[in-house]
Q: 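Let me give you the structure first, and then I'll get to my questions.
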Amino acid sequence: MAKEITSRSENYSQWYNDIVKKAGLADHSAVRGCMVIKPLGYAIWENMRDQLDKMFKDTGHVNAYFPLFIPKSFLSKEAKHVEGFAKECAVVTHHRLMNDPNGDGVVVDPSAKLEEELIVRPTSETIIWNTYKDWIQSYRDLPLLINQWANVVRWEMRTRPFLRTAEFLWQEGHTAHATKEEAEEEASLIHELYTRFLEDYAAIPILKGAKTPHERFAGAEETYTVEALMQDGKALQAGTSHFLGQNFAKAFEVKFATSDNKEEFVWATSWGVTTRMVGALVMTHSDDEGLIIPPKLAPNQVVIIPIPKPTPEILEVADKIKAELGAKGVRVKIDKDDKKRPGFKFAQHEMEGVPVRIGIGARDLAKNQIEIARRDTKEKSQIALDTVNDVVPKLLEEIQQNLFDKALKFREEHTTHVSTMDEFKSVLESKGGFVYAHWDGTTETEEKIKELTKATIRCIPLDFEAEEGTCILTGKPSKGKVVFAKAY
RNA sequence: CGGGGCGUAGCGCAGUCCGGUUAGCGCACCUGUUUUGGGAACAGGGGGUCGGAGGUUCGAAUCCUCUCGCCCCGACCA
């Protein structure tokens, strides 16, 4: 049973790697830092993508696509932006190969050097704002609410499947507005939308807040973040929404005429979530037996296993269940493999995180019943065949809710308020999690605390409560607690 | 870029210190038989330029030199 997965208590990182590998989410590829996303991992991403895409469109956004390559000169137009990304860019310098004059293989043709190097996009603000310059003339062109589904490359030094890869998939929204207020509202709207998605679909409880100036996106005036807590007590930033002010509009000279014919710079936002969410999903819900996928994002919500093997009688019942549940929108797979034995299949589907398993054998059919098992609690029961259509949808809802409740309870148990540095350190060392503490508001203190404890300020919580106190490091006055944690 | 580790069958490894039959083992794979309600058993079978290039030697997976790649821990980051 689960004989190939390292337990969480033994080695959490190894456990995560084992799940990714054994459940078939992703493989290491031949390219350093880049993974191959396998069908199960990709199917989960597709479900995330489809749901988010619907939510974006329901709030008035449309999709478009911009180039993979960004001219080098574009990147340097916004000073902070280039500073943030310069160290991790892949650069295209040539456009042709030639046969190696010294032997076999090919080499870069030196005569094919590009006049201006191209950067493989680490994010698309620059190429998009360069384009928006041509699209926006008047207040009538605003707001511009565009999203793009794409891949980006950030040349990270250390990578981990889904959590940090050199190339990753994401969506990036880039909006342009006539007023500051409207842009700020947009950034908040998306922040709320991400929270809703992560909580309602991924069953991941979210701590909402704003980043400190130090942790802000390069080129943003305000960064809103959705922070999740993993089972090892470390925080994971699951998505961000930025209010960009007029920084990019000024860098790319994007101006518009107001209704009273004045020329003004456009206000901007950008926001994104990535394949990292798949990693967050794994680390939030899964256990030592393998993956657990919340029903709403599970590629297969129910798997039917004929016991011991598919027979015409069993398949007839299975097909009927699949059709009827399918009509109710439930995704059902019948495992028709006649080479593998039931025990193997049970273990396999548990590893792959299918929320509900139905077992049907001759013994069950004789009694007009089936066996039903839920992945989250591993409870099994027998139910009458004619109740399946009612029981399964309810059970899926129950599992979805249970996963969220369990994760929320874990987060609550791992959320602590402290008032001294000693308390702060001891909480971080003993159980980790989110730690609320007073901070004097300076970047200097923030960095010093990180140096001493490895913990960073995850956010200034949105429900920030005014509370007089003193900074745990410097003793200077503070107006309220911020949230610290060790993070991925 | 610093510290550590590893490259031997699809995967996981032993063998390397101390050179010497035809390079082994487990899983996986193929064939057959018996099985089948929680990862089946037995029998037979296929699969290797031992990461690469030089060198030492009668003889190299093993020793020497160079080189390439990957993983883990740190600094950077969604």
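The sequence lines fix the lettering, A, B, ..., with proteins before strands; numbering per chain opens at 1.
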Q: In whole Å, what is the span from the CD1 atom of I314(A) to the C1' atom of G37(B)?
A: 10 Å

Q: Under a 4.0 Å N-O cut-off, is there an ion pair linking E350(A) with R357(A)?
A: yes

Q: Which whole number of Å gives the distance between the P atom of A9(B) and that of G5(B)?
A: 22 Å

Q: Donor-acceptor pair under 3.5 Å: do we get one between K454(A)'s side chain and the base of G74(B)?
A: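 Such a pair does not exist between side chain and base.
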
Q: Calculate the interatomic distance between R160(A) atom CZ and C73(B) atom C1'; express it in whole Å.
A: 12 Å

Q: Taking C77(B) as the reference, what is the distance to G12(B) when you measure between their P atoms (whole Å, please)?
A: 33 Å

Q: Go through C77(B), C73(B), G37(B) for me and flag the one nearest to the R164(A) side chain.
A: C77(B)

Q: Among G37(B), G39(B), C76(B), which nucleotide sits nearest the side chain of R341(A)?
A: G37(B)

Q: With both distances under 3.5 Å as the test, what is the Watson-Crick or G-U wobble partner of G46(B)?
A: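 The answer is none; no pair meets the criterion.
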
Q: Pick base, sugar-phosphate or nothing for L163(A), based on heavy-atom distances below 4.0 Å to the nucleic acid.
A: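 Result for L163(A) = base.
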
Q: Taking a pair as Watson-Crick or G-U wobble with both distances under 3.5 Å, which nucleotide is matched to G2(B)?
A: C73(B)

Q: When all nucleic acid strands are considered with a 4.0 Å heavy-atom cut-off, which category describes E156(A): base, sugar-phosphate, or nothing?
A: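 It contacts base atoms.
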
Q: So what does A362(A) hit on the nucleic acid, given a heavy-atom distance under 4.0 Å: a base, only sugar-phosphate, or nothing?
A: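 If one applies the 4.0 Å heavy-atom cut-off, A362(A) turns out to touch a base.
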
Q: What does F168(A) touch in the nucleic acid at a heavy-atom separation under 4.0 angstrom: a base, only the sugar-phosphate, or nothing?
A: base

Q: Taking atom C1' in both G46(B) and U57(B), compute the distance separating them and give it to the nearest angstrom.
A: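 To the nearest whole Å, 35 Å.
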
Q: What distance, rounded to whole Å, do you find between the two P atoms, one in U49(B) and one in G24(B)?
A: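 These two P atoms come out 15 Å apart once rounded.
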
Q: Which whole-number value in Å describes the distance from K211(A) NZ to C77(B) P?
A: 11 Å

Q: Map K87(A) and G361(A) onto RNA chain B by nearest heavy atom, then report which one ends up closer to the 5' terminus.
A: G361(A)

Q: Please give the distance between the C1' atoms of G26(B) and C63(B) as a whole number of Å.
A: 30 Å

Q: Using the C1' atoms only, state how far G51(B) lies from A61(B), rounded to an integer number of Å.
A: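 Here A61(B) and G51(B) have their C1' atoms 12 Å from each other.
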
Q: Measure from CZ on F344(A) to P on A28(B) and round the result to the nearest Å.
A: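 The distance from CZ of F344(A) to P of A28(B) comes to 8 Å, rounded to the nearest Å.
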
Q: From the set G37(B), G39(B), U36(B), return the single nucleotide nearest to any side-chain atom of I307(A).
A: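 So the side chain of I307(A) is nearest to G37(B).
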
Q: Measuring from the side chain of E350(A) (C-beta onward, heavy atoms only), which nucleotide among C77(B), G38(B), A75(B) has the closest atom?
A: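 Of all the options, the side chain of E350(A) is nearest to G38(B).
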
Q: From C-beta outward on K309(A), which listed nucleotide comes closest to its side chain: U35(B), C73(B), C77(B)?
A: U35(B)

Q: I need the CG-P distance between D335(A) and G38(B), as an integer number of Å.
A: 16 Å

Q: Just the rounded figure in Å: distance from P of C72(B) to NE2 of H28(A).
A: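 In whole Å, C72(B) P lies 6 Å from H28(A) NE2.
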
Q: May I ask you to decide if the ring planes of W129(A) and Y132(A) are parallel, tilted or perpendicular, using 30° and 60° as cut-offs?
A: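 Aromatic pair W129(A)/Y132(A) classed perpendicular.
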
Q: Given that both distances must come in under 3.5 Å, which nucleotide forms a Watson-Crick or G-U wobble pair with C63(B)?
A: G55(B)

Q: Partner of C25(B) by Watson-Crick or G-U wobble geometry, both contacts under 3.5 Å, or none?
A: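 For C25(B), the partner nucleotide comes out as G12(B), under the 3.5 Å rule.
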
Q: If we take the P atom in both C18(B) and U65(B), what is their distance in whole Å?
A: 14 Å

Q: Nearest whole Å is fine: how far is G37(B) C1' from K340(A) NZ?
A: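 Atom NZ in K340(A) sits about 18 Å away from atom C1' in G37(B).
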
Q: Searching all strands shown, indicate the nucleotide that pairs with G19(B) (Watson-Crick or G-U wobble; both distances under 3.5 Å).
A: none

Q: With a non-hydrogen cut-off below 4.0 angstrom, is K21(A) in contact with a base, only sugar-phosphate, or nothing?
A: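 The residue K21(A) makes no contact with any strand.
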
Q: Is the backbone of I314(A) close enough, under 3.5 Å, to the side chain of T311(A) for a donor and an acceptor to pair up by distance?
A: yes

Q: Using purine N1 to pyrimidine N3 plus N6-O4 or O6-N4 for Watson-Crick, or N1-O2 and O6-N3 for G-U wobble, both under 3.5 Å, which nucleotide pairs with G7(B)?
A: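 Paired with C68(B).
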
Q: For R411(A) and I206(A), indicate whether the former's side chain and the latter's backbone hold a donor-acceptor pair under 3.5 Å.
A: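 Yes: the side chain of R411(A) pairs with the backbone of I206(A).
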
Q: I'd like to know if the side chain of H61(A) and the backbone of F56(A) have a donor-acceptor N/O pair within less than 3.5 Å.
A: yes

Q: My understanding is that only one of Q51(A), R196(A), K296(A) makes a side-chain hydrogen bond (donor to acceptor under 3.5 Å, both in side chains) with Y201(A); could you say which?
A: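 When Q51(A), R196(A), K296(A) are each tested with Y201(A), the side-chain hydrogen bond (donor to acceptor under 3.5 Å, both in side chains) holds only for Q51(A).
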
Q: What integer distance in Å separates F346(A):CZ from G39(B):C1'?
A: 11 Å

Q: Tell me what R357(A) touches on the nucleic acid: a base, only sugar-phosphate, or nothing, going by heavy atoms under 4.0 Å.
A: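 Here R357(A) touches the bases of the nucleic acid.
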
Q: Would you say the side-chain atoms of E156(A) pair up with the backbone N or O of T159(A), donor to acceptor, closer than 3.5 Å?
A: no

Q: Contact class for T456(A) vs. all strands (heavy atom < 4.0 Å): base, sugar-phosphate, or nothing?
A: nothing

Q: For F217(A) and for P342(A), find the nucleotide of RNA chain B with the closest heavy atom, then tell me which residue's nucleotide is more 5'.
A: P342(A)

Q: Any sub-3.5 Å donor-acceptor pair from D288(A)'s side-chain atoms to R8(A)'s backbone N or O?
A: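 Such a contact is found between D288(A) side chain and R8(A) backbone.
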
Q: Of all the choices, U35(B), G38(B), C77(B), which nucleotide is nearest to the side chain of E88(A) once you look at every atom?
A: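 Selected nucleotide (nearest to the side chain): C77(B).
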
Q: In whole angstrom, give me the gap between the P atoms of C30(B) and G69(B).
A: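 Here C30(B) and G69(B) have their P atoms 36 Å from each other.
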
Q: Using purine N1 to pyrimidine N3 plus N6-O4 or O6-N4 for Watson-Crick, or N1-O2 and O6-N3 for G-U wobble, each under 3.5 Å, what pairs with U34(B)?
A: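 Across all strands, the one nucleotide that pairs with U34(B) is A40(B).
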
